[in-house]
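Both counts, for ligands and for their atoms, begin at 1 and track the order of listing. Counting begins at 1 with the first residue of the sequence. Everything quoted here is computed from the prediction, not taken from an experiment.
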Amino acid sequence: MKIGVIGGGAWGTALAQVAARGGEAVLLWAREPEVVESVNVRHQNDLFLSGVPLSPSIRATGELGQLADMEALLVVAPAQHVRAVLSEADIGAVPLVLCAKGIEAGTKLLVGEVAHQVAPHAPLAVLSGPTFAHEVAAGKPTAVTLACEDEGLRTRLSERLAGPAFRTYGSSDVVGAEIGGAVKNVLAIACGVVEGAGLGLNARAALIARGFAEMTRFGMARGAQAETLTGLSGLGDLVLTCSSTNSRNFSLGLGLGQGRSAAELMADRRTVAEGAFTAPVLRDAARDAGVDMPVTEAVNALLEGAPVAQVIEALLSRPLREEKA
Ligand SMILES: NC(=O)C1=CN([C@@H]2O[C@H](COP(=O)(O)OP(=O)(O)OC[C@H]3O[C@@H](n4cnc5c(N)ncnc54)[C@H](O)[C@@H]3O)[C@@H](O)[C@H]2O)C=CC1
Ligand SMILES: O=C(CO)COP(=O)(O)O
């Protein structure tokens with residue numbers, strides 16, 4: 001199966017490395033000419049994944065048209081840009097494996113729903129889970145959810161992408177796999193705030209558990225299966241991203257917790273903290289669906305500039321309630 005990758009950021013590059021195992025040819029589309037040059041000439045991605053030697057069988061291109069004869073495309077542009085990039089490419093009926101984590105601003109659509117609008121004939125799969133790009137590219141053990149309604153395609157994709165240190169777990173729950181990844185980014189910002197404001201490890205654990213209850217409420221309202229949310233793409237990724245400054249979302253929250261403004265923290269950054277874009281649209285989608293998401297509301301307040309102490313006070317003074325989700 002000839003694999004193309006759309007998006008030459010850290011994750012697209014790491015996934016190209018996964019797909020290139022054993023010397024398989026992989027074509028990587030990158031927006032930045034310097035990434036194309038760096039991958040083709042030095043077999044590295046100096047801009048987004050520095051220090052990782054890449055397989056020479058990865059070839060980069062700046063032309064989407066060159067992806068025309070691929071048999072599957074991994075879509076790894078940031079969520080807010082997937083519509084534009086897919087609209088420019090000629091997708092036809094080529095299977096798309098969606099790897100971005102987010103919800104589209106304005107439309108409130110999941111990435112899979114966006115892809116279906118732009119490329120209605122393309123079969124869709126979602127690859128998501130606890131996956132820091134550097135670790136995957138370095139061949140460290142990683143496990144992901146690979147969700148696709150078509151069992152045959154799911155098996156073919158799994159066989160093509162899985163390897164000794166990259167385990168895929170199949171699922172038919174495409175929506176559930178997407179929701180975990182999108183929501184955890186917002187919750188990771190909250191965990192970073194807890195760290196930055198010095199609120200302690202008890203508070204962080206409580207936030208992960210109550211955040212997971214939020215993810216579950218929202219997921220169930222959108223038709224996700226509970227077992228997907230407790231799996232790699234939900235709870236698994238939530239735990240990873242809420243535990244480490246390697247996460248861009250956690251790091252953004254850390255800065256907010258230290259009293260810095262979102263505008264200052266987001267200025268001039270080349271890498272993407274998806275949670276900052278997902279937070280307002282997730283809040284709006286949750287309100288539309290009548291789903292209570294207090295942590296998501298708090299993250300939005302902080303991104304909009306509310307003082308940390310005030311937001312924490314508001315969260316802690318909510319009426320006491322039963323624990324069930
Ligand atoms: N980095 C990671 O460890 C992981 C990232 N992801 C997800 O993968 C997606 C891509 O993230 P990364 O590869 O980490 O990105 P990155 O932060 O390494 O790089 C930014 C990416 O955004 C692209 N970009 C910026 N402006 C754009 C525009 N106007 N149109 C199209 N593309 C544009 C850049 O070309 C570049 O590929 C995100 O949804 C992220 O949540 C998922 C799992 C792991
Ligand atoms: O999605 C990720 C790990 O699974 C990467 O997290 P960040 O985008 O917060 O760095």
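- Counting only heavy atoms from C-beta outward, the side chains of Arg318 and Asp292 approach each other to under 4.5 Å.
- Val85 is listed as a side-chain neighbour of Trp29, based on a closest heavy-atom distance under 4.5 Å.
- Using a 4.5 Å heavy-atom cutoff, the side chains of Thr230 and Phe212 are in contact.
- For ligand 2, the protein residues within 4.0 angstrom (heavy atoms only) are Lys101, Gly129, Pro130, Thr131, Phe132, Lys184, Asp237, Leu240, Thr241, Asn246, Ser247, Arg248, Asn249.
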Requested in this report: For side chain to side chain contact (heavy atoms under 4.5 Å, CB included), just list the numbers for Ile3 and Met70, CA-CA rounded to whole Å, side-chain angles, deciding distance to a tenth of an Å, and then say yes or no.
Outcome: CA-CA 6 Å; Ile3 297 272; Met70 294 294 124; 5.8 Å; no
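- Looking only at protein heavy atoms, the nearest one to atom 38 (C) of ligand 1 is Glu274 OE2, 3.2 Å.
- For the 3.5 Å distance criterion, the side chains of Ser128 and Ser233 fail to qualify, holding no donor opposite an acceptor.
- If you check which protein heavy atom lies closest to atom 14 (O) of ligand 1, you get Arg248 NH2, 3.0 Å.
- Using a cutoff of 4.0 Å between basic side-chain nitrogens and carboxylate oxygens, Arg287 and Glu297 are scored as salt-bridged.
- Among all non-hydrogen protein atoms, the one lying nearest atom 15 (O) of ligand 1 is Val272 CG1, 3.7 Å.
- Counting protein heavy atoms only, atom 36 (C) of ligand 1 is closest to Phe48 CZ, 3.7 Å.
- In this structure, the protein non-hydrogen atom closest to atom 3 (O) of ligand 1 is Ala133 N, 2.9 Å.
- Under the 4.5 Å side-chain contact rule for hydrophobic residues, Leu146 and Val175 do not share a cluster.
- The closest protein non-hydrogen atom to atom 34 (C) of ligand 1 is Glu32 OE2, 3.1 Å.
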Report task. Check the pair Asp46 / Ser38 against side-chain hydrogen bond (donor to acceptor under 3.5 Å, both in side chains), numbers first and verdict last. Result -> CA-CA 6 Å; Asp46 297 326; Ser38 165; 3.3 Å; yes
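- A side-chain donor-acceptor contact under 3.5 Å links Thr107 and Glu104.
- Between the side chains of Asn249 and Thr241, no donor-acceptor pair is found at a separation under 3.5 Å.
- Nearest residue to atom 21 (C) of ligand 1 from Pro78, Pro130, Gly181 is Pro78 (criterion: closest heavy atom).
- Between Thr271 and ligand 1, no pair of N/O atoms sits closer than 3.5 Å.
- Once rounded to the nearest 0.5 Å, the distance linking CG of Asn185 with CG of Leu187 reads 9.0 Å.
- Within ligand 1, the atoms closer than 4.0 Å to a non-hydrogen atom of Phe132 are 3 (O), numbered from 1 in the order shown.
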Report task. Check the pair Glu214 / Thr296 against side-chain hydrogen bond (donor to acceptor under 3.5 Å, both in side chains), numbers first and verdict last. Result -> CA-CA 8 Å; Glu214 251 182 67; Thr296 300; 2.8 Å; yes
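- In Trp11, the parts holding a heavy atom less than 4.0 Å from any atom of ligand 1 are both the side chain and the backbone.
- Through chains of ILVMFWY side-chain contacts below 4.5 Å, Phe250 is grouped with Leu254.
- Shown in contact with Ala100 at under 4.0 Å from a heavy atom are these atoms of ligand 1, numbered in order with element: 39 (O).
- At the top of the distance list for atom 44 (C) of ligand 1, counting protein heavy atoms only, stands Thr131 O, 3.0 Å.
- Within the listing of ligand 1, atoms 37 (O) sit less than 4.0 angstrom from a heavy atom of Gly8.
- Of the candidates Val75, Leu15, Thr131, Val111, Cys99 forms a side chain to side chain contact (heavy atoms under 4.5 Å, CB included) with just one, namely Leu15.
- For atom 27 (C) of ligand 1, the nearest non-hydrogen atom from the set Glu88, Gln80, Arg269, Arg31 belongs to Arg31.
- Annotation: side chain of Phe132 is in contact with side chain of Ser247 (closest heavy-atom distance under 4.5 Å).
- Under a 4.0 Å heavy-atom criterion, Gly102 is not in contact with ligand 1.
- At the shortest separation from atom 18 (O) of ligand 1 among protein heavy atoms lies Ala10 N, 2.8 Å.
- Backbone and side-chain nitrogen or oxygen atoms of Gly9 are examined, and one is located within less than 3.5 angstrom of a nitrogen or oxygen of ligand 1.
- Looking at Val76 next to ligand 1, no N or O pair under 3.5 Å apart turns up.
- Contact check for Leu199 versus Ile312: side-chain heavy atoms found under the 4.5 Å cut-off.
- Between Ala77 and ligand 1, no pair of N/O atoms sits closer than 3.5 Å.
- For ligand 1, the polar-atom distance check finds no N/O of Arg270 at less than 3.5 Å from any of the ligand's N/O atoms.
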